[in-house]
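I have placed the structure first, in the form of structure tokens, so that the comments after it can refer back to it.
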Amino acid sequence: MKRALFILLRNPLSVLGLTLVGLVVLAAVFADYVAPFPDHKGAVVDFLNFNKAPEWPYLFGTDLVGRDIFSRILFAYRISLTLGVVVLALAVPVGVTVGLIAGYIGGRTEFVLMRITDVFLSIPPLVLAMSMMGLLEPSLTNGMMAVTVMWWPWYARLVYNLTRSEREEGYVLAAEVIGASRLHVMFREILPNCVPSILTKMTIDFGFVILIASSLSFLGLGVQPPTPDLGSMVAEGAKYLPDSWWLTVFPGLAILVVVFGFNLIGDALREILGVDQ
Amino acid sequence: MTAPTLAIDDLRLGFRGWAGTAEVLHGISLHIAKGERVALVGESGSGKSVTARLVLGLVQELRGARYSGRMAFEGRDLGTLSRREREALRGDRISMIFQDPTSSLNPVYTIGTLFHEVLRRGNPGIGAAEARERAVAALDDVAIADPGRVLDSYAFQLSGGMNQRVLIAMALANSPSLLLADEPGTALDVTVQAQTLALMQQLVARHGASMLFISHNLGVVREFADRVYVIYKGRIVEQGPTEGLFEAPLHPYTRALMAAVPRITGEGIPEIDEEQTGFYDPLVAHPGYSEAELRP
């Protein structure tokens, strides 16, 4: 633990990442108290102050119906983070289980599972998510589902490769020799040795899940208005560039900050846990 | 007379590949009586380890493995056992020690946790406290000075010699009747190897376990085994009592094997004849030590 803290604090970039993500999470959780205009998360109209450049009290300016962009970004973070948590909470267990089974059992099972994974990986992720959203109704829940469907194969492949190398280790053979069941070997012997890699990938992916989800809502396939979302905010403002630059630049920066922050933490975690790239 | 602990008759094993089946064992027969220590000696790739894995039933699960012959453990035909019954034998009645002790211990668990797991094989209901007590006793037996500390450590925090002792303690924890040792301690340096082997010898005798000792180290075999089988390219070429076999090797391959051992007196690495005349000669058994004579 001490060692982890030491490695973390030694690298200014890790500290920066931790700070960024920490601030974002705090701001999202306490958005109701932090935001200067908490009611602006919904369908509020204030035509007296519409499309204003950044000035007090509107830190990041206001949008076309007079809502404070800073407040809306905080509430959008709340949705983005929830989405990240839900997507990973669904995609990781599925991917890990598929990867473990394919890597350990081998044979025909491996062939079938990994070819299914390959099929998912062969479709460009955004296209897959878009076609799913085309079939379903655009909404937050369906957006999460679409991103989950495109995300699990990466974990299946990661864990499959790890399992393939772990199963040659002496302790796997030793466990088999003392008569351990396949389930025991997979989940109690091999899986714990894969955790560092999975954890690192999860941290980095968290940022990317938010990025992809924002791309979906940029295309109008994700969260629907009036709920604030970083992607749809950028999309909406893009029509008024470059005059009303604050409509796009601040939500765009907000996406950048969170993706960058999680990436830095992921790198720090990789170093702490000793995962090779 | 009771059935031998392990009896193998005309065991053949092949792996099916693109170009037909590659046979790796060409009908080997051996047996281990109760309490006996038997060595299986041969060069790399001669089929030593695969024999041990067949006994444990690990090879049968591979695709493409084709085997025939009879393997019986305490009179029970291993071939007719279900997968479940075979798994039940492993770890409880049959256990195994490996070449590299450190990699045989899962790095994410403490030795204590691993020990508990092993003991649960023998006694599924064993609690943490009782398991720890038995583990401490078992580690005491393998001359580990501070069992409590070792149980709280991870494998990578201990030396190779320590891990080897831990493995020996684990292998004997459930008092198996057959212990398979696949080149134990090859990954350790010579002095540590000597210590742990001496320890293993005492403990095996105390537990009354039979042992199949797989090695290419003739010096170790000479000290350790009651009887020796020499295996070459999937065939047993010579079998006999340890003393007799080392004093007067009868098979050309055995003679070559013994000549290949570097001498401590410093005559350089021995010249090995490239010509392998007689290596494929049929099995030579020392008088009174053929399978037919030993097994009524």
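Naming convention: chains lettered A, B, ... in sequence-line order (proteins, then strands); numbering from 1 in each chain.
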- Message: Quick check for you: among B:Val108, B:Asn174, B:Thr102, B:Asn106, which has the greatest number of heavy-atom pairs under 4.5 Å with chain A?
- Response: B:Asn106
- Option that, when pairs with chain A are counted at under 4.5 Å, heavy atom only, ranks first among B:Arg121, B:Met96, B:Met170: B:Arg121
Would you mind writing out the side-chain donor-acceptor pairs for residues 9-29 of chain A within the sub-3.5 Å range, not counting sequence neighbours?
| from | atom 1 | to | atom 2 | distance (Å) |
| --- | --- | --- | --- | --- |
| A:Arg10 | NH2 | A:Glu271 | OE2 | 2.7 |
| A:Asn11 | OD1 | A:Leu13 | N | 3.0 |
| A:Thr19 | OG1 | A:Val15 | O | 2.4 |

- Task: Give the C-alpha distance, both sets of side-chain angles, the deciding distance and a yes or no for ring-ring contact (aromatic ring centres under 6.0 Å, His included) between A:Trp151 and A:Phe208.
- Result: CA-CA 10 Å; A:Trp151 222 274; A:Phe208 286 115; 7.6 Å; no
Distance-only criterion, 3.5 Å: show the donor-acceptor pairs between side-chain atoms of residues 82-96 of chain A and protein atoms not counting sequence neighbours.
| from | atom 1 | to | atom 2 | distance (Å) |
| --- | --- | --- | --- | --- |
| A:Thr82 | OG1 | A:Arg78 | O | 2.5 |

- Item | Top of A:Ser181, A:Gly107, A:Gly106, A:Ala174 for chain B proximity - count of heavy-atom pairs under 4.5 angstrom | A:Ala174
- Top of A:Glu176, A:Arg188, A:His184 for chain B proximity - count of heavy-atom pairs under 4.5 angstrom: A:Arg188
- Task: Step by step, work out the salt bridge (Lys or Arg N to Asp or Glu O under 4.0 Å) result for A:Arg164 and A:Glu110.
- Result: CA-CA 11 Å; A:Arg164 295 280 299 186; A:Glu110 169 190 332; 3.3 Å; yes
- Scan side-chain atoms only and decide if B:Thr21 and B:Arg16 contain a donor-acceptor pair under the 3.5 Å cut-off. no
- With a 4.5 angstrom heavy-atom cut-off, could you sort out which part of B:Leu56 is near chain A: side chain, backbone, both or neither? side chain
